[in-house]
Amino acid sequence: MTRIAVIDFETTGMSPLYGDRPTEVAIVMTEGGRVVDQFQSLMNPHRRIPGFIAQLTGITDAMVRAAPPVATVMAEAARFVGAAPLVAHNASFDRKFWQAELAALGLDAAQPFACTVLLARRLYPQAPNHKLSTLAHYLGLAREGRAHRALSDALVTAAVLGRIQADLTERHGLPDAGHAVLSGLQQCSRAAVPGWLQRHAHAA
DNA sequence: TGCCAGGCCCTCTTTAGGGCCTT
């Protein structure tokens, strides 16, 4: 059975290139579309969290001050993921933090990434938009916990992924939708996505 | 303190521009 790790970061900003760092990570391990394990931790970025981000996420400087350092948490996160492929909502964002922090630790970050935004835009073009919360509401998926907290967002993303896998199987008759998601969308490649979709659309 | 990005994709496009999505 294909194991897929769904990841979500909360951070101090948009880009590790400008010194932004993670404040929280959650990873939900799925197998056949079901959650089988999870990892979550706040972490101390040793950098102030901008006010609007603290308001957005509910994560404050006081909360991360007592948390373990980023390096400790990311080393644990890397062990948890192992060689499993990763999925995130807008994966280009989470991927750059994953790669930057693992590179700082001298750890390999070669796991393939797939993106539920790109998948959802193709499978659910009629949705009002493809923000995670809107998509969850549109698909009738329940949320546990506060939006913009890592574990809550990772669980919702895992639920979206599960629905995508189920819809691929039902609509397009894919015998192993999990494998198709990974093989077709690795790296969120601009070239791979439409080609993959067209192949399966024609086959359906 | 506030600023900083970038890949994808659509279209009034392709010798480009701008919206979406993440914090």
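Letters go in sequence order (proteins before strands), and every chain restarts at 1.
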Requested in this report: With the side chain of A:Asn90 defined as its heavy atoms from C-beta on, choose the nearest nucleotide among B:dC3, B:dT23, B:dC21.
Outcome: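 Comparing B:dC3, B:dT23, B:dC21 against the side chain of A:Asn90, the answer is B:dC21.
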Atom [atom1] of [X] with >12 non-hydrogen neighbours under 6.0 angstrom:
X	atom1	result
A:Lys131	NZ	no
A:Gln55	CD	no
A:His46	NE2	yes

In whole Å, measure the gap between the [atom1] atoms of [N] and [M] for me.
N	M	atom1	value
B:dT13	B:dG18	P	13 Å
B:dA5	B:dT23	C1'	11 Å
B:dG19	B:dC4	P	16 Å
B:dG2	B:dC8	P	32 Å
B:dG7	B:dC3	P	23 Å
B:dC20	B:dT15	P	25 Å

Report task. Kindly say if A:His148 contacts the phosphate of B:dT23, meaning a side-chain N or O under 4.0 Å from OP1 or OP2. Result ->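 Yes, A:His148 has a side-chain N/O under 4.0 Å of OP1/OP2 on B:dT23.
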Rounded distance in Å - [atom1] ([X]) to [atom2] ([N]):
X	N	atom1	atom2	result
A:Leu118	B:dG7	CG	C1'	8 Å
A:Lys96	B:dT22	NZ	C1'	8 Å
A:Arg149	B:dT22	CZ	P	17 Å
A:Trp98	B:dG7	CH2	P	20 Å
A:Arg95	B:dA5	CZ	C1'	13 Å
A:Phe93	B:dT22	CZ	P	10 Å
A:Met14	B:dG7	CE	C1'	12 Å
A:Phe113	B:dC8	CZ	P	14 Å

Under 4.0 Å, heavy atoms only, any strand: does [X] hit a base, just the sugar-phosphate, or nothing?
X	result
A:Phe9	sugar-phosphate
A:Leu17	sugar-phosphate
A:Thr12	nothing

Scan nucleotides 18-20 of chain B against the protein and return all N/O pairs shorter than 3.5 Å with their distances rounded to 0.1 Å.
from   : atom 1 : to       : atom 2 : distance (Å)
B:dC20 : O2     : A:Arg121 : NH2    : 3.3

Strictly by modelled atom types, are [X] and [Y] linked by a side-chain donor-acceptor pair under 3.5 Å?
X	Y	value
A:His89	A:Thr157	no
A:Thr134	A:Asn129	yes
A:Thr12	A:Asp20	yes

Query raised in the report: For DNA chain B, what residues of residues 18-26 of chain A have any heavy atom nearer than 4.0 Å?
Result: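 Here the set is A:Tyr18, A:Asp20.
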Report task. Identify the two heavy atoms, one from A:Pro125 and one from A:His130, that lie closest to each other, and give their separation to 0.1 Å. Result ->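 Scanning both residues, the minimum pair turns out to be CA-NE2, 4.2 Å.
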Requested in this report: Compare every heavy atom of A:Ile49 with every heavy atom of A:Ala54, then report the nearest pair and how far apart it is.
Outcome: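 Smallest heavy-atom distance, with atoms named: N-CG2, 3.8 Å.
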Query raised in the report: Does A:Met74 share a hydrophobic cluster with A:Ile27, counting links as ILVMFWY side-chain heavy atoms below 4.5 Å and allowing steps through other members?
Result: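 The answer is yes; both residues are in one hydrophobic cluster.
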Show me the side-chain donor-acceptor pairs of residues 148-155 of chain A shorter than 3.5 Å, one per line, residues at least two apart or across chains.
from     : atom 1 : to       : atom 2 : distance (Å)
A:Arg149 : NE     : A:Glu24  : OE1    : 3.0
A:Arg149 : NE     : A:Glu24  : OE2    : 3.4
A:Arg149 : NH2    : A:Glu24  : OE2    : 2.8
A:Ser152 : OG     : A:Arg143 : NH1    : 2.7
A:Ser152 : OG     : A:Glu144 : O      : 2.8
A:Ser152 : OG     : A:Arg146 : O      : 3.4
A:Asp153 : OD1    : A:Arg143 : NH1    : 2.8
A:Asp153 : OD1    : A:Arg143 : NH2    : 3.3
A:Asp153 : OD1    : A:His148 : N      : 3.1
A:Asp153 : OD2    : A:His148 : N      : 3.3

